[in-house]
Participant: 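Just passing along the structure, written as structure tokens.
Sequence lines set the chain letters: A, B, ... in the order given, protein chains first and strands last, and positions in each chain run from 1.
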Protein chains: 2
Amino acid sequence: MSSIGRIPEASVARLPLYLRGLDAFPVGVTATVSSEELATLAGVNAAKVRKDLSYLGTYGTRGVGYDADFLRFEISRALGVANTWPIVVCGMGNLGRALANHSGFSERGFPVVAAIDTDPDKVGVEIDGIPVYAPSALASVVTEHEIAVGIIATPPEAAQGAADRLVDAGVVSIMSFAPIVLTVPNGVDLRAVDLATELQILGFHLHRDRLANGAHATAGREQNLSVGQGPV
Amino acid sequence: MSSIGRIPEASVARLPLYLRGLDAFPVGVTATVSSEELATLAGVNAAKVRKDLSYLGTYGTRGVGYDADFLRFEISRALGVANTWPIVVCGMGNLGRALANHSGFSERGFPVVAAIDTDPDKVGVEIDGIPVYAPSALASVVTEHEIAVGIIATPPEAAQGAADRLVDAGVVSIMSFAPIVLTVPNGVDLRAVDLATELQILGFHLHRDRLANGAHATAGREQNLSVGQGPV
DNA sequence: TTTTCCTTGTGAACGCGTGCACAAGTTCCG
DNA sequence: CGGAACTTGTGCACGCGTTCACAAGGAAAA
Ligand SMILES: NC(=O)c1ccc[n+]([C@@H]2O[C@H](COP(=O)([O-])OP(=O)(O)OC[C@H]3O[C@@H](n4cnc5c(N)ncnc54)[C@H](O)[C@@H]3O)[C@@H](O)[C@H]2O)c1
Ligand SMILES: NC(=O)c1ccc[n+]([C@@H]2O[C@H](COP(=O)([O-])OP(=O)(O)OC[C@H]3O[C@@H](n4cnc5c(N)ncnc54)[C@H](O)[C@@H]3O)[C@@H](O)[C@H]2O)c1
């Protein structure tokens, strides 16, 4: 079988972008896409596209390009997109509600099937079609829906506790929006999204440019692209 | 004056984390923090802390550590945190509303002062205290509030248009949540946050582990940390 | 003063990611 | 059938980021 060698994390992080780019091509229809085209669609450069795809296998045809439909299939397979990973959201506040109500996650195979909140007014009701449970129900909810992914959208003070409970319940992948360092045991995959930090990085560049323009009128602005991931 | 040499982007991205870690120390009180402690507080390792801080200057005392209060001041200065950068949010839907209503941004110097939406029901009213304007009013709003930062939370189809309008109005830093590749002119700093992509990366690891455990029971799970940035 | 202990600051090595440049392979045209 | 045009796949070089390891420096005790 096609036992793929280790794919570099940087490449893995771009595979979803390629998949997104391939949305431009209809499903089931044979069409050719070149690395150059796909690069434009994904917002990267062509060399990267070719190298990334080469980690998956030899799916292109020299002198021609890639079959869009087949490529989508192969990237999907590598990412395990065929699987559906149900999600539980901890904290149905402003952000949690927005996330739970977001259709884009289900479309990509990550339906939000349950939420956890401590607010008695929310527990027991459905918010935007998502049933809200008390923290004590987490374990059974996770087991029942075979949930492997959790999102933390609680206040920062409650985030570590929520993480602990998620891990205890058997969740092994966590995306957190709380601006705080979380500690999880080995074997648990944690991605922390800190939007205030992102803004502060933008702010640093603004500050820099302002200094440069105010004092010396130096050139050298930038144009960043997608927000990727951290280390292992 | 302390003209700091170019700070590597990877270091810049961690400075806000250090600042966040220093929240553990009261303002105005002299306290000592070692690179080891700060590393724990920020979720990185001590060597990185020392190297990063060394780019800012020599603010530590060998054999002792760093003065927490002074360090906070210096990092703040490097990041330009003294400045306040007002924000305009484009698209007051589920996500936009959550962002606009989020207090953490103002606390870090990024108050949301205005919103743009095409929905006639929203234009002209205040949502959570944020005035909502029609797209045609963008330029004057940006000018009036001296806005340099914009957040895009419109549907994907409208995102490029929103970006163009922001740029035309004079906004030079954009954070986008739309799952689509945006094109902006040179000199504009764009950060794209794609949460579905983040989930798919988690999904890849789940898929991998499942294959490994199902077939060969191989070890090798991971524990990732903060979500950082992309290339220049 | 000298010794001991502690932590910073940094030179240097290493590894990963990126991008170039080109050989290898395919199609199409004359 | 030969050659032109095109695009993939990849070896290689380069640069950035990470980490190690230790000398340099400072405080406190003897
Ligand atoms: N709102 C945003 O746009 C935004 C942006 C960036 C980061 N964040 C972060 O995301 C988190 C949530 O933000 P928010 O604006 O939705 O806050 P919020 O206060 O609106 O909602 C928090 C929700 O979590 C619930 N909760 C509290 N303790 C809990 C626990 N132990 N278990 C489960 N649920 C619990 C509360 O009842 C509430 O419903 C915060 O950490 C915030 O810093 C939010
Ligand atoms: N909701 C989430 O949690 C979430 C998560 C990840 C990504 N996103 C992305 O963020 C974006 C917004 O998501 P949402 O759930 O808030 O969508 P939404 O449909 O709830 O809100 C979109 C808002 O944008 C407004 N709008 C439409 N065209 C506009 C324009 N040209 N200018 C200004 N405003 C315009 C609409 O009137 C609406 O109020 C989408 O691109 C979505 O894919 C959302």
Participant: Among the nucleotides C:dC20, C:dT27, D:dC20, which one has an atom lying closest to any side-chain atom of A:Ala47?
Facilitator: C:dC20
Participant: Using whole Å, report how far NZ of B:Lys51 lies from P of D:dT19.
Facilitator: 12 Å
Participant: Is any side-chain nitrogen or oxygen of A:Ser34 closer than 4.0 Å to OP1 or OP2 of D:dT7?
Facilitator: no
Participant: One pair to check against ring-ring contact (aromatic ring centres under 6.0 Å, His included): B:Tyr59 and B:Phe70. What are the steps and the verdict?
Facilitator: CA-CA 8 Å; B:Tyr59 298 135; B:Phe70 181 60; 5.5 Å; yes
Participant: Taking all non-hydrogen atoms of both residues, which atom of A:Thr32 and which atom of A:Gly65 are closest, and how far apart?
Facilitator: CG2-CA, 4.1 Å
Participant: When you match B:Val33 and A:Asp52 each to their closest nucleotide on DNA chain C, which lands nearer the 5' end?
Facilitator: B:Val33
Participant: Out of C:dT10, D:dA24, C:dG19, which nucleotide sits closest to the side chain of B:Ser54?
Facilitator: C:dT10
Participant: From OH of A:Tyr66 over to C1' of D:dC6, roughly how many Å is that when rounded to an integer?
Facilitator: 14 Å
Participant: Have B:Gln200 and B:His207 got a donor and an acceptor in their side chains that come within less than 3.5 Å?
Facilitator: no
Participant: Examine the side chains of B:Asn94 and A:His102 and answer whether a donor and an acceptor come within less than 3.5 Å of each other.
Facilitator: no
Participant: Rounded to whole Å, please give me the gap between CD1 in A:Ile7 and P in C:dC16.
Facilitator: 16 Å
Participant: Using a 4.0 Å heavy-atom cut-off, does A:Ser11 contact any base of the nucleic acid, only the sugar-phosphate backbone, or nothing at all?
Facilitator: nothing
Participant: In terms of the nearest nucleotide of DNA chain C, which residue is placed more toward the 5' end: A:Thr61 or A:Pro8?
Facilitator: A:Pro8
Participant: Between A:Asp23 and A:Arg108, is the closest basic N to carboxylate O distance under 4.0 Å?
Facilitator: yes
Participant: To the nearest Å, give me how far apart CG (A:Asp67) and P (C:dT26) are.
Facilitator: 16 Å
Participant: To the nearest angstrom, how far is B:Tyr55 atom OH from D:dC16 atom P?
Facilitator: 11 Å
Participant: Round to a whole Å and report the spacing from CZ of A:Arg14 to P of C:dG17.
Facilitator: 9 Å
Participant: To the nearest Å, how far apart are A:Tyr59 OH and D:dG9 P?
Facilitator: 11 Å
Participant: Determine: side-chain N/O of A:Asn45 to OP1/OP2 of C:dT18, distance under 4.0 Å, yes or no.
Facilitator: no
Participant: Between A:Arg50 (CZ) and C:dG25 (P), how many Å, whole number?
Facilitator: 16 Å
Participant: Let's see if you can work this out: which of C:dG25, D:dT19, C:dG17 has an atom nearest to the side-chain heavy atoms of A:Arg62?
Facilitator: C:dG25
